[in-house]
Amino acid sequence: MFTQYDVIVVGGGHAGCEAAAAAANMGSKVLLITMNMNTIAQMSCNPAMGGVAKGQIIREIDALGGYSGIVSDRSMLQFRMLNLSKGPAMWSPRSQNDRMRFAEEWRLMLENTANVDFWQEMATGIVVKGDRVVGVKTALGIEVRCKAVVLTNGTFLNGTIHIGEKNFGGGRAAERAASGITEQLIGLGFESGRMKTGTPPRIDGRSLDYKRMEEQKGDPNPCKFSFTDTEPLKEQLSCWITYTNDAVHRELQKGFDQSPMFQGRIKGLGPRYCPSIEDKINRFAERDRHQIFVEPEGWKTVEIYVNGFSTSLPEDIQFAAIRKIPGFENAKMFRPGYAIEYDYFPPTQLKMSLETQLIDNLYFAGQINGTTGYEEAACQGLMAGINAHNKLHDKEPLILKRSEAYIGVLIDDLVNKGTEEPYRMFTSRAEYRILLRQDNADLRLTETGHKLGLASDERLQKLKNKQAAIAQLQSELKDLRTTPDVANQELVGLNSSPLTEKVPVENLLRRPHVGMAELKKIDPHIQQVLSKYSTEVLEQVEMNTKYQSYIQREQKLAEKILSLDDYRILPNFDYDRVKALSAEAREKLKKIKPETLGQLSRISGVSPADVSVLTVYMGK
């Protein structure tokens, strides 16, 4: 019934979908095994994509030729660019999405991807020959042979759902947990741990009083994620904001003695930056209210996601507390919130390609590596799919540097530092965030995606046209000049110093109060020049001009520090021979087995002195 596959992907979540699409589009014969064909690309938690640093990741996935940006655009309810009051390195796109359309679009994309086959069943283990994976075993006793396996099991590995004092096996509400894989991997020598996450109750939107809440509309001119020609959003649904209060907190506290988290029944660590509502009121007792985002789940459903009210308290406590929230006095609950514990494998057991150190051609991606979030999972899936295909074709793995992409930061952090709590990406994790803006992801990564065979010729040509237009406009702004008599009236109105002589327009653009929109008002001739260019090009040139010195400084710093990545380390290098190494460094290096001096220098516990010792030793 089954042919020999190049790559088998286990799990149909965000990581699994991107992994299957990437490997297939590069030419591998792929089988996607999922427990339920109807929940492919399910948005298990909030119906939204992007956000702080996460939006940058979605744009990077899209620039490389992945599908998440396109699917997000096609299922969008609302778009907002976050952090616009800060510098452009912090701007982060975020969309509210139609949950059902998102999953439908992903499935349609995969079904229209040549080389992807599907099989609905639980995978219970891998088939290993020597130290190499050669297939996957299923619950029906079927063994499907392949050359590489990507495990993207999400929260399903021995998943346990907690609601108050009740707990039962499950990988997601109304879906069973997956068993067998954890036990086998431990038997093969892998370390495992437990993590937890949670989700809020879902509410009937018809029962809410929106007049008691603050409306949160989308951006007046919504952008999109994909650099392709996806349709921009023409109509948007509003979200709403309300707050908890003392009455809500008192109701929640009534259930603390039944809380699985407070009573120690949950052992796994949860996401630090997305705590449950009971954790919030317990840890931040001095605060009299917490913000609640009321988010629609789709165009054609009344179901509401209560963002900020994640909980595992008993369902009656949840219901009583939620009815104390302004606007929720008559709320009807569709389903309660819950916490879920699941197995993960510390990512320090991986190579930078996301291939495991112990078993050749076995890759891990997503929550199995200790991350949280659709975006973090999706980018790992993309990279695992790319690298599984490359390995099978004797090509070098794609390793993105920290200065090239947030994806590179995420994987570097996971492999070299590990994580003991669900890892979430933030802009603060990236030391080169001026280089890694959301607006320039295509300029950074599309050529790489094209070389891989993921980004189409049309994408590459579109990029080249954009690069040419940017260069042309930058040249024009250097040559184009304006005079005091033309510009001063507008400059004074902008609280900007008047000119005393004729200056290049580029100089004006470097001023803090002067952007492209202001340039058009300053001089009719400037407006005529700028009108020839797209908004994308104008935005790039403005940022390049205003932040030129910062960009150049970061590029030089990145080149200096990342030059160590050019020095490769032999796989069997004996760290015990280097007596001057600290004991901690020796232990970490033997475990992680860095592939370059650059990777070695970023491992937690390896000091600059250790790096110097090894640089001298290896130089000899």
Side-chain angles (χ1 to χ4, degrees), residues 39 42-48 77 96-100 155 159-168 170-175 196-214 216 237-262 266 270 274-282 289-340:
T39 57
Q42 178 75 270
M43 300 181 105
S44 307
C45 204
N46 62 320
L77 299 173
Q96 200 69 31
N97 292 82
D98 186 312
R99 185 187 298 277
M100 290 181 284
T155 60
T160 302
I161 291 173
H162 296 267
I163 304 175
E165 295 179 316
K166 304 164 188 171
N167 63 77
F168 47 90
R172 192 161 46 204
E175 296 184 59
K196 80 116 183 162
T197 188
T199 194
R202 307 302 200 272
I203 301 299
D204 185 340
R206 297 169 298 182
S207 65
L208 300 182
D209 182 1
Y210 294 101
K211 296 187 186 69
R212 302 205 61 199
M213 308 178 201
E214 303 168 24
Q216 186 182 51
L237 277 183
S238 290
C239 295
W240 304 82
I241 296 173
T242 185
Y243 297 87
T244 64
N245 51 46
D246 285 338
V248 176
H249 299 176
R250 286 194 298 272
E251 288 292 340
L252 291 168
Q253 286 166 343
K254 292 176 183 177
F256 279 11
D257 61 341
Q258 302 172 72
S259 165
M261 184 173 65
F262 295 151
I266 293 178
C274 189
S276 65
I277 188 64
E278 57 265 34
D279 198 20
K280 287 181 193 175
I281 65 173
N282 185 53
R289 69 176 193 171
H290 295 278
Q291 195 170 51
I292 300 294
F293 293 94
V294 181
E295 300 178 344
E297 297 242 349
W299 291 106
K300 296 180 180 179
T301 180
V302 297
E303 191 168 359
I304 294 294
Y305 182 88
V306 191
N307 195 338
F309 205 85
S310 175
T311 181
S312 59
L313 292 173
E315 63 274 14
D316 57 332
I317 297 291
Q318 294 183 35
F319 183 66
I322 212 160
R323 280 197 155 197
K324 301 291 184 182
I325 297 173
F328 282 70
E329 290 84 359
N330 299 306
K332 295 179 182 178
M333 187 185 290
F334 280 168
R335 46 190 165 127
Y338 60 87
I340 180 167

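Below, each value reflects all heavy atoms present in this structure, side chains not excepted, and no hydrogens, waters or symmetry copies. Along the sequence shown, residues are numbered consecutively beginning with 1.
- Looking at every heavy atom in both residues, Asp98 comes nearest to Leu77 through N-CG, 3.6 Å.
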Side-chain atoms of residues 247-254: list all donor-acceptor pairs with protein atoms under 3.5 Å, sequence neighbours left out, distances to 0.1 Å.
{"from": "His249", "atom 1": "NE2", "to": "Thr244", "atom 2": "OG1", "distance (Å)": "2.9"}
{"from": "Glu251", "atom 1": "OE2", "to": "Lys254", "atom 2": "NZ", "distance (Å)": "3.3"}

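- Between Ala173 and Tyr338, the closest heavy-atom pair is N-OH, 3.0 Å.
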Item to check | Candidate pair Arg335 and Glu303, rule side chain to side chain contact (heavy atoms under 4.5 Å, CB included), full reasoning | outcome: CA-CA 10 Å; Arg335 46 190 165 127; Glu303 191 168 359; 3.0 Å; yes
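- Here Gln318 pairs with nothing under the side chain to side chain donor-acceptor pair (under 3.5 Å) rule; sequence neighbours left out.
- To the nearest 0.5 Å, atom CE of residue Met100 and atom CH2 of residue Trp299 are 13.0 Å apart.
- Counting only residues at least two apart or on different chains, the side-chain hydrogen bond (donor to acceptor under 3.5 Å, both in side chains) pairs with a member in residues 201-210 are Thr199-Arg202, Arg202-Glu297, Asp204-Arg206.
- Contact detail for Ile163 and Glu315: the closest heavy-atom pair is CG2-OE1, 3.6 Å.
- Within the 4.5 Å cutoff, the side chain of Ile203 has no heavy atoms near those of the Phe334 side chain.
- By the side chain to side chain donor-acceptor pair (under 3.5 Å) test, Gln216 pairs with no residue at all, sequence neighbours left out.
- The nearest pair of heavy atoms linking Met261 to Ile266 is N-CD1, 4.1 Å.
- The structure places CG of Asn282 at 11.5 Å from CD1 of Ile277, a figure rounded to the nearest 0.5 Å.
- The two residues Pro296 and Pro47 come nearest to each other via the heavy atoms O-CG, 3.8 Å.
- Atom CD of Gln258 and atom NE2 of His162 lie 15.0 Å apart (nearest 0.5 Å).
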Donor-acceptor pairs under 3.5 Å, side chain of residues 320-331 to any protein atom, not counting sequence neighbours: which ones?
{"from": "Arg323", "atom 1": "NE", "to": "Ala331", "atom 2": "O", "distance (Å)": "2.9"}
{"from": "Arg323", "atom 1": "NH2", "to": "Ala331", "atom 2": "O", "distance (Å)": "3.1"}
{"from": "Glu329", "atom 1": "OE1", "to": "Gly327", "atom 2": "N", "distance (Å)": "2.9"}
{"from": "Glu329", "atom 1": "OE2", "to": "Arg212", "atom 2": "NH1", "distance (Å)": "2.1"}
{"from": "Glu329", "atom 1": "OE2", "to": "Gly327", "atom 2": "N", "distance (Å)": "3.3"}

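- Distance OG/Ser310 to NZ/Lys280: 8.0 Å, rounded to 0.5 Å.
- The backbone N or O of Phe262 sits less than 3.5 Å from a side-chain atom of Ser259, completing a donor-acceptor pair.
- Distance check: Ile281 CD1 to Ser276 OG gives 8.5 Å after rounding to the nearest 0.5 Å.
- Closest of all the heavy-atom pairs between Gly198 and Cys45 is O-SG, 3.8 Å.
- With a 4.5 Å cut-off on side-chain heavy atoms, Arg172 and Ile340 do not count as touching.
- Side-chain atoms of Thr155 come within 3.5 Å of backbone N or O of Gly171 as a donor-acceptor pair.
- How far NZ of Lys196 is from OG1 of Thr160: 13.5 Å, rounded to the nearest 0.5 Å.
- Every residue meeting the salt bridge (Lys or Arg N to Asp or Glu O under 4.0 Å) condition with Asp279, not counting sequence neighbours, appears here in chain and number order: Arg283.
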Checklist entry - Does the side chain to side chain contact (heavy atoms under 4.5 Å, CB included) test come out yes or no for Glu295 and Asn46, once each step is laid out? => result CA-CA 8 Å; Glu295 300 178 344; Asn46 62 320; 4.0 Å; yes
